[in-house]
Protein chains: 2
Amino acid sequence: MAPQLGDKIRELRTKQNLLLRQVASKLDVDTSIISKMERGERPIKKEQVATLAEILNADKQELLTLWLADQVMDVIKDEQFADEALKSVTKKIKKGK
Amino acid sequence: MAPQLGDKIRELRTKQNLLLRQVASKLDVDTSIISKMERGERPIKKEQVATLAEILNADKQELLTLWLADQVMDVIKDEQFADEALKSVTKKIKKGK
DNA sequence: CTTGTCTTGACAAATATTGGCTAATATAAT
DNA sequence: ATTATATTAGCCAATATTTGTCAAGACAAG
């Protein structure tokens with residue numbers, strides 16, 4: 001199953017032997033913030049995702065899609081009629097909105 | 001296509017010849033707020049949807065589903081990879097999250 | 001022109017979000 | 001065990017967003 005964006009970022013970072021503080025300085029935020037982002041404790045801003053893709057040499061589109069999926073999940077988690085609503089939205093956007 | 005929640009509410013209200021201020025008082029908000037809710041200019045709170053279903057003798061589940069679809073739309077509108085993200089989320093929730 | 005309904009915009013108060021700091025906790029090496 | 005480095009947790013202040021209230025405007029009916 002598709003991971004959450006935070007998991008993906010941590011995976012990319014550790015595979016390249018980068019430290020939190022190294023990524024943090026490039027992203028210009030405190031180390032603790034990145035740590036929280038990776039663990040899903042803090043939301044990640046869209047522009048930050050793009051920057052992270054560059055820092056980590058990752059596919060920007062892939063990360064942005066994960067990011068968006070996280071946003072959607074935030075909205076529908078714990079919702080009883082999530083499936084119905086998703087279906088309806090899917091239809092709607094296929095028609096060019 | 002499924003209407004937005006606001007449209008549906010206005011439809012229900014006018015068909016029953018109810019005035020904004022009548023619904024407003026039952027919902028305990030200012031008239032202007034309802035007006036904006038119906039036109040999608042102000043977000044509607046989840047609890048308010050349930051109350052509105054009672055006031056308007058509508059199906060609570062239907063309204064809540066419309067409400068949720070609106071929430072999702074807010075997130076994905078203007079997003080390039082909306083379809084991809086939606087697909088992934090749909091899969092994820094089918095597996096019981 | 002008066003009345004009633006609905007809409008709109010401006011404003012302030014309340015709430016939420018954000019990031020930084022610092023201290024605490026791991027983890028690893030010697 | 002001590003040192004060095006990495007990560008995480010908690011709290012605070014600044015900022016942004018949301019919220020409701022109010023007054024004024026638009027519009028139609030009589």
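Order of the sequence lines fixes the chain letters, A, B, ..., with proteins taken first and strands second; residue numbering starts at 1 for each chain.
In this structure, the CD atom of B/Gln22 is 12 Å from the C1' atom of C/dG4, given to the nearest Å. Rounded to an integer number of Å, the gap from NZ of A/Lys45 to P of C/dT18 is 7 Å. Atom CD1 in A/Ile33 sits roughly 13 Å away from atom C1' in C/dT22 (whole-Å rounding).
Within 4.0 Å (heavy atoms only), B/Arg42 reaches at least one base atom of the nucleic acid. Residue contacts shown for A/Arg39 are limited to sugar-phosphate atoms, with no base heavy atom under 4.0 Å away.
A heavy-atom distance below 4.5 Å is found between the side chains of B/Leu63 and B/Lys8. No side-chain heavy atom of A/Lys94 sits less than 4.5 Å from a side-chain heavy atom of B/Asp83.
Between B/Val89 and A/Met73, the shortest heavy-atom contact is CG1-SD, 3.8 Å. The shortest non-hydrogen separation linking B/Ile55 to B/Leu27 is CD1-N, 4.1 Å. Shortest non-hydrogen contact noted between A/Ala85 and B/Ala69 is CB-N, 3.8 Å. Contact detail for B/Gln16 and B/Leu56: the closest heavy-atom pair is NE2-O, 3.0 Å.
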Exercise. Test side-chain hydrogen bond (donor to acceptor under 3.5 Å, both in side chains) on B/Arg10 and B/Thr14 and set out the steps.
Key: CA-CA 6 Å; B/Arg10 171 149 298 186; B/Thr14 54; over 6 Å; no
Exercise. Could you check B/Phe81 against B/Lys87 for side-chain contact (heavy atoms from CB on, under 4.5 Å), going step by step and ending with a plain yes or no?
Key: CA-CA 10 Å; B/Phe81 311 121; B/Lys87 210 190 300 178; over 6 Å; no
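Side-chain atoms of A/Ser32 and base atoms of C/dC21 include a donor and an acceptor less than 3.5 Å apart. Contact annotation: side chain of A/Lys36 to base of C/dG19, donor-acceptor pair absent below 3.5 Å.
Residue B/Arg13 places at least one side-chain N or O closer than 4.0 Å to OP1 or OP2 of C/dC6. The phosphate of C/dT7 has OP1 or OP2 within less than 4.0 Å of a side-chain N or O from B/Ser35.
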For nucleotides 25-30 of chain C, give me every protein contact, N/O to N/O, under 3.5 Å, one pair per line with atom names.
none

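In terms of position along DNA chain C, the nucleotide closest to B/Glu38 lies nearer the 5' end than the nucleotide closest to the other residue of the pair B/Glu38 and A/Gln48.
Once rounded to the nearest 0.5 Å, the distance linking CG of A/Leu68 with CG of A/Leu64 reads 8.5 Å.
Where DNA chain D meets chain A (any atom under 4.0 Å from a heavy atom), the bounding nucleotides read 5' to 3' are D/dA6 to D/dG10.
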